[in-house]
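The block underneath contains the structure these notes are about, expressed in C-alpha cells.
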Amino acid sequence: MASEVKLEDIVSLCKRRGFIYQGSEIYGGLSGTWDYGPLGVRLKWNIMDLWWKTFVDDRDDIYGVEAAILMNKKVWEASGHTTGFNDPLVECQNCKARLRQDHIEKDKCPVCGTVGKFSEPRQFNMMFKTNVGPTEDENSLSYLRPETAQGIFTNYKNVVDSFYPDIPFGIGQMGKAFRNEISSRDFVFRSREFEQMEIEYFVHPDTWKKEFDKWVKDIRAFLDELGLPEDKIHELDVPEADRAHYSKKTIDFEFDFPHKRDELLGLAYRTDYDLANIQKATGKSMQYRPKDGSEPFVPHVIEPSFGVERAVMAVLASAYTEDEVDGEKRIFLKLPEHLAPVKVAVSPLLKNKPELVKKAKEVYKTLKKEFGNVMYDDNGNIGKRYRRQDEIGTPHCVTIDFDTLADDTVTLRNRDNTKQKRVKIDRLTESL
RNA sequence: GCGGGUAUGGUUUAGUGGUACGACGCGACCUUCCCAAGGUUGAAACGCGGGUUCGAUUCCCGCUACCCGCACCA
C-alpha cells in the first residue's frame with residue numbers, strides 16, 4: 001500500500017520550512033546532493049543521536065568508532081569493491097535497454113528478447129576517485145568510501161587489542177559514504193553522498209542465527225522509537241538470488257515511502273567474508289581467542305545497516321498530517337517529541353505589550369537554557385505562530401498572557417490536538 | 001544511462017517577442033486578550049549558456065536540476 005502523502009508535498013515543506021534544500025542550488029544544483037537546513041540538520045542529528053544512544057551508549061557490547069572517509073585503496077581491492085563496483089554495462093541495440101553484462105543469459109536481451117545485438121560493454125565504477133597527496137598518479141589513487149562498513153572491519157583488530165571484549169560484541173559507526181550512482185532518484189532516497197549508521201556485530205559462527213533474530217527484534221524496537229507505523233514496515237527475507245554473494249541471509253526492512261515501497265535498512269549475515277578477506281590480504285590474523293581457552297576462530301558478522309536520509313524521509317512522511325481546525329486546513333508534523341527540531345516555542349500573546357514581551361523573553365531564556373532547542377516567536381498573531389510551529393512539528397507552544405503577569409501561569413498548547421492548559425511557570429520544565 | 005515530462009519571488013501560480021499578475025509566506029510599523037483577522041508599507045522571480053531578433057522570460061539549440069517509466073542499486 002502506497003503512502004497517501006505525496007513526495008512533492010514533503011519536498012515543498014522541506015524547502016519552505018528549512019529542512020532540506022537542493023545541493024548547490026544557487027549554481028543550478030548538483031545531481032544527487034542535498035543540503036540540510038537549520039531544522040533538517042537538527043532532525044537528522046536527533047535521529048542519529050537516538051541511534052547512537054540506543055545501539056552504542058545504552059549497550060555494553062557495542063563500541064563506537066569513526067573511521068576516515070579516505071582509506072588505503074587496498075581496502076577496496078580486498079573487499080571486492082574495485083572489481084565488484086565496476087559493473088560492465090551493455091546496451092541492447094534493439095530496445096535501448098541498459099543491462100549488466102553478467103545478468104544476460106545466452107546473449108538474449110531480457111527486455112525485448114533480441115539475441116546478440118549488444119553494444120560493447122562500458123565500465124561504470126560507482127566509487128568516487130580522488131588523489132591523496134600532490135601527485136595524481138596510480139600510487140596516489142584513492143576513493144571516497146562507498147560504505148562505512150570497511151572502516152569498521154579495518155578497526156576490528158584495534159578494538160579487540162584495546163578492549164578485548166567478550167564475544168558477541170559489535171562496533172558501530174555513523175558517517176558519510178559516497179556512491180556515483182548511475183541515476184540518483186526520489187529526493188534524498190538515493191543520493192550520491194549519504195550517511196550510514198552501521199554496526200558490525202561479531203559472533204561465533206555457531207550462534208549467528210540466534211543473534212540475527214535478536215537483531216530483528218532490536219531493529220523493530222528502534223523503528224518504533226522513530227515513530228514509524230508498523231503497518232508501513234515490511235520485512236523482506238531476501239531470496240538467495242538477490243543477496244550479495246557473501247550473505248547467507250538478509251532481511252530488508254522496507255517502508256511505504258511516498259514514492260513507493262522501498263528499502264529503509266538492511267540486516268545481513270555477512271559470514272566471515274570481510275575479516276577473512278583482510279586476513280588473506282594482510283596476512284594478519286583476525287582470529288578471536290576466547291578467554292576460556294576454547295578454540296580460536298574468525299568471527300562471523302551480522303550487519304544492521306541504516307540509511308540516515310531514508311530514516312529522515314520515513315520519519316517526515318509518517319509525521320506529515322493534515323487535519324482541520326475551525327474549518328481551516330492545517331498541516332502539521334506529528335513528530336515524536338524526542339525527534340522534533342524545536343521542542344517548545346515561546347510567545348507573548350501580543351507583541352505590542354512590553355510587559356508581555358519582557359516576561360516571554362524571560363521564560364524563553366529559562367527554557368532555552370534547560371532544553372536548548374527552544375524558539376522565540378512573536379511574528380504576526382498567536383494563531384499564525386501556532387500554525388507555523390505545527391508545520392515544523394514543534395510539540396509544545398507556551399504563551400504568555402495577562403494572567404501570567406498576575407499569577408505566573410502560562411498557556412501550554414499541544415500540537416496534536418491543539419488543546420491548551422494552564423501551567424505554573426515553575427512547573428513548566430517538568431510539564432514538557 | 002535510455003525514454004517521457006517540468007522549470008516564473010521562499011512556496012504556489014498567471015501571463016507576454018517590448019523585463020511580468022495574483023495568492024500564501026517573509027520584513028517593518030500599526031492593530032489584535034489564544035488558533036493563518038485587519039490596515040499601511042517593503043524586499044523578493046522568468047534555472048544556466050548560446051542562437052535568431054532592433055529587442056527573448058516567451059521562438060530555436062545546448063546544458064543543468066527535479067519528477068515519472070525503464071535500467072542500475074556491488
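The chains referred to below are lettered A, B, ... by the order of the sequence lines, with proteins before strands, and numbering in each begins at 1.
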Side-chain donor-acceptor contact under 3.5 Å, A:Thr409 with A:Arg422: yes

Nucleotide nearest A:Glu181 (side chain, heavy atoms from C-beta), chosen from B:rC72, B:rC34, B:rA37: B:rC72

Value in whole Å for how far the P atom of B:rC34 lies from CG of A:Leu356: 12 Å

Presence of A:Lys15 side-chain N/O under 4.0 Å of B:rU11 phosphate oxygens OP1/OP2: yes

Under 3.5 Å side-chain donor-acceptor pair for A:His234 and A:Asp256: yes

Minimum-distance nucleotide to A:Ile382 side chain [options: B:rU32, B:rC72, B:rC34]: B:rC34

Side-chain N or O of A:Asn352 closer than 4.0 Å to phosphate OP1/OP2 of B:rU32: yes

Check ion pair A:Glu193-A:Lys176 (N to O, under 4.0 angstrom): yes

Candidates B:rG69, B:rC35, B:rA37 - which lies nearest the side chain of A:Arg413: B:rC35

Proximity to the side chain of A:Phe402 - top-ranked nucleotide from B:rC34, B:rC33, B:rC35: B:rC33

Distance below 4.0 Å between A:Asn379 side-chain N/O and B:rC26 OP1 or OP2: yes

Among B:rC67, B:rC33, B:rA36, the nucleotide that comes nearest once only the side chain of A:Leu7 is considered: B:rC67

A:Tyr156 and A:Phe169 aromatic ring geometry - parallel, tilted or perpendicular at 30°/60° bounds: parallel

Minimum-distance nucleotide to A:Glu328 side chain [options: B:rU32, B:rA36, B:rC34]: B:rA36

Below 4.0 Å: OP1/OP2 of B:rC66 and any side-chain N or O of A:Ser31: yes

Nearest listed nucleotide, side chain of A:Arg185, among B:rG69, B:rC66, B:rC34: B:rG69

Minimum-distance nucleotide (side-chain atoms of A:Lys384 versus B:rC35, B:rA37, B:rC72): B:rA37

Short side-chain N/O contact to B:rC26 OP1/OP2 from A:Arg388, under 4.0 Å: yes

